[in-house]
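What you see is a predicted model; the values in this text were computed from it and never measured.
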Amino acid sequence: MKLYGRSHDRQSLARHAGDLSAAGGVRSVVLDDGSERGIRTLEFRTGGGLSFDVLVDRAMDLGGAEFEGRGFGWRSATGFRHPGLHEYRDDDGLSMMRSFSGLLLTAGLDHTLFGAEVDASQYRYPPRGTAVHALHGRVANLPARLTGYGERWQDDGRCVLWAEGEVRQAAIFGEHLRLTRRIEADLGGSEIRLTDRVRNAGFDPTPHMYLYHVNVGWPFLDEGARYELPPHRTLWRSDSVAEQGVSHTAMPAPLPGFVEQVYEHELKPDAAGLARPRLVNERLGVYFELEFDTVRFPSFFQWLHLREGAYAVGFEPSTHHVQGEAAAREDGSMTFLAPGEEREYTTAFRVGHLD
């Protein structure tokens with residue numbers, strides 16, 4: 001591995017420093033002010049220029065992220081709001097907008113996209129014949145049970161920084177879904193690896209929808225940056241695309257009153273079934289890339305939120321199309337996990353210098 005322009009192995013690092021934290025590592029802290037107060041956080045530093053925060057009490061989502069001191073994880077005005085302040089049905093189902101910030105917000109586990117009222121008769125509880133969902137579901141505001149974190153040397157000579165935890169979304173006479181999340185990064189590296197397993201731990205067939213809202217902000221996002229997509233076919237556009245006519249590939253400076261533009265694309269994968277959309281900033285000489293499995297995530301949404309004060313672009317791999325849960329149930333594409341059934345999702349986040 002290379003740290004600070006030099007190659008180092010375990011023995012070399014031990015000779016130079018009495019603690020691995022001199023090169024990088026994972027540190028546990030608790031945020032202690034404002035609406036973030038009380039959130040357990042893991043600070044990752046790879047020593048390869050990449051640093052990022054894992055918000056343990058926010059489903060182990062990714063908060064702030066930097067590459068060589070430049071931010072790329074979106075920071076909104078909401079901050080990383082403590083989940084104890086969250087009211088799921090507030091703002092007519094748009095309450096997520098009061099805690100929407102960071103590189104990754106996970107949507108699910110049984111619902112994504114806009115709110116819906118759907119049949120819940122599979123739970124066999126007459127007073128709850130339907131389930132009412134808000135935007136992007138519940139999971140992003142559920143604390144995880146942290147099962148471990150640290151640094152581990154591998155047989156191949158790599159040192160892997162890691163964290164793992166479990167998020168439980170459960171209700172009596174309702175769903176019982178468990179998300180096990182593992183996050184890894186190599187010492188000296190510039191990649192975040194995410195492995196999620198979602199399991200139906202209950203005894204009723206349970207709806208499952210899953211989406212990653214990956215958000216890149218300033219300064220990686222700036223006027224002149226390019227949003228690059230693999231070969232694709234655009235399946236849907238929000239009405240704001242025609243009304244505003246802002247390019248979805250060449251990024252402008254922040255715009256007053258901009259209305260979000262959203263696209264659903266079908267991305268052509270490579271031979272391994274992977275797609276890699278990117279944001280490229282030639283002025284800074286850097287890029288951000290998301291790699292995901294198009295079998296597990298057959299849909300992809302491009303989110304442009306280029307308004308002053310909330311300037312961001314989104315990469316959103318999804319298990320379901322933009323029409324949402326009600327439409328998926330109607331056309332037969334809705335996923336139901338049988339008791340004990342599990343789905344696994346592997347994704348990578350990369351940053352680096354342009355060649």
Side-chain angles (χ1 to χ4, degrees), residues 55-61 83-96 99-100 104-147 164-182 194-213 296-299 316-345:
L55 306 174
V56 178
D57 288 316
R58 292 277 305 273
M60 296 190 71
D61 276 343
L85 301 174
H86 186 68
E87 297 181 12
Y88 184 60
R89 296 284 303 281
D90 197 16
D91 288 345
D92 293 327
L94 297 178
S95 55
M96 187 204 84
S99 56
F100 188 16
L104 171 64
L105 180 138
T106 303
L109 300 171
D110 59 342
H111 175 83
T112 63
L113 302 162
F114 277 96
E117 182 172 0
V118 296
D119 177 62
S121 60
Q122 75 271 19
Y123 300 125
R124 300 184 299 280
Y125 185 57
R128 187 173 181 258
T130 62
V132 180
H133 296 296
L135 175 64
H136 283 326
R138 298 178 182 274
V139 69
N141 282 281
L142 295 177
R145 181 174 68 90
L146 185 61
T147 55
E164 188 166 291
E166 181 187 77
V167 183
R168 185 180 303 185
Q169 181 181 324
I172 303 301
F173 306 122
E175 76 278 7
H176 183 181
L177 295 167
R178 297 194 184 188
L179 164 64
T180 301
R181 171 163 285 177
R182 185 175 180 87
L194 186 69
T195 302
D196 284 351
R197 298 193 309 277
V198 179
R199 179 171 64 92
N200 181 2
F203 294 89
D204 301 301
T206 300
H208 172 53
M209 303 178 75
Y210 210 46
L211 179 151
Y212 292 144
H213 213 303
R296 288 302 190 196
F297 290 120
S299 297
E316 299 181 54
S318 172
T319 57
H320 291 81
H321 293 294
V322 72
Q323 289 80 10
E325 183 171 358
R329 286 172 177 251
E330 186 174 338
D331 67 19
S333 63
M334 186 63 192
T335 302
F336 283 83
L337 297 181
E341 187 177 357
E342 182 175 283
R343 295 288 172 92
E344 182 172 285
Y345 305 88

Q | Exercise: identify the closest heavy-atom pair between Pro339 and Pro205 | A | CD-N, 4.3 Å
Q.
Under the criterion side-chain contact (heavy atoms from CB on, under 4.5 Å), I'd like the reasoning laid out for Tyr123 against Glu175: C-alpha separation, chi angles, the key distance, then a yes or no.
A. CA-CA 8 Å; Tyr123 300 125; Glu175 76 278 7; 3.5 Å; yes
Q: Keeping the roles fixed (side chain from Arg329, backbone from Ala327), state whether a donor-acceptor pair exists under 3.5 Å.
A: no
Q | Backbone of Ala134 reached by a side-chain donor or acceptor of Tyr88 within 3.5 Å | A | yes
Q.
When you compare the side chains of His208 and Thr335, does any donor N or O come within less than 3.5 Å of an acceptor on the partner?
A. no
Q.
So Phe297 and Leu211, do their side chains get closer than 4.5 Å, heavy atoms only?
A. no
Q. Does Ala338 offer a backbone N or O that forms a donor-acceptor pair with the side chain of Asn200 under 3.5 Å?
A. yes
(Q) Do Thr106 and Val167 have side chains that approach each other closer than 4.5 Å (heavy atoms only, starting at C-beta)? (A) no
Q: Check His321 against Ser299 and note the closest heavy-atom contact, atom names and distance.
A: ND1-OG, 3.2 Å
Q.
Checking side-chain polar atoms at under 3.5 Å, does Arg343 have a donor or acceptor matched by the opposite partner on Thr319?
A. no
Q | Value rounded to 0.5 Å, distance of CG in Asp61 from OH in Tyr212 | A | 9.5 Å
Q) Closest approach of Met334 and Pro207, non-hydrogen atoms and distance? A) CE-CB, 3.5 Å
Q. Rounded to the nearest 0.5 Å, how far does CZ of Arg145 lie from CG of Asp57?
A. 13.5 Å
(Q) For a side-chain contact (heavy atoms from CB on, under 4.5 Å) check, start with the C-alpha distance between Arg181 and Tyr345, then their side-chain angles and the critical distance, and finish with the verdict. (A) CA-CA 10 Å; Arg181 171 163 285 177; Tyr345 305 88; over 6 Å; no
Q.
Please report the interatomic distance CG(Leu142) to NE2(His86), rounded to the nearest 0.5 Å.
A. 8.5 Å
Q. If you measure only the distance, is there a donor-acceptor pair under 3.5 Å linking the side chains of Thr130 and Glu117?
A. yes
Q | Heavy-atom pair with the smallest gap, counting every atom of Ala170 and His176 | A | CB-CD2, 3.9 Å
Q: Classify the ring geometry between His136 and His213 as parallel (under 30°), tilted (30 to 60°) or perpendicular (over 60°).
A: perpendicular
**Q.** Interatomic distance, Asp204 atom CG to Tyr125 atom OH [nearest 0.5 angstrom]
**A.** 14.0 Å
Q) When you look at CG of Asp92, are more than 12 heavy atoms from neighbouring residues, nucleotides or ligands closer to it than 6.0 Å? A) no
Q) Does the side-chain contact (heavy atoms from CB on, under 4.5 Å) test come out yes or no for Leu104 and Leu194, once each step is laid out? A) CA-CA 11 Å; Leu104 171 64; Leu194 186 69; 3.8 Å; yes
Q.
side-chain contact (heavy atoms from CB on, under 4.5 Å), that's the test. Do Asp110 and His133 meet it? Break it down for me.
A. CA-CA 9 Å; Asp110 59 342; His133 296 296; 3.4 Å; yes
Q | Contact summary for Asp331 and Ser333, nearest pair of heavy atoms | A | OD1-OG, 2.6 Å
Q.
Is it the case that the side chain of Thr147 and the backbone of Glu164 share a donor-acceptor pair, with hydrogens and angles ignored and the cut-off at 3.5 Å?
A. yes
(Q) Is the shortest side-chain heavy-atom distance between Thr195 and Glu344 below 4.5 Å? (A) yes
Q: Taking all non-hydrogen atoms of both residues into account, name the closest pair between Pro143 and Asn141 and its distance.
A: CD-O, 4.0 Å
Q | From Leu135 atom CG to Asp91 atom CG, the distance as rounded to the nearest 0.5 Å | A | 11.0 Å
Q. Is the side chain of Gln169 donor-acceptor paired with the backbone N or O of Leu109 at a distance under 3.5 Å, no angle test?
A. yes
Q | Between CG on residue Leu105 and CZ on residue Arg58, distance to nearest 0.5 Å | A | 6.5 Å
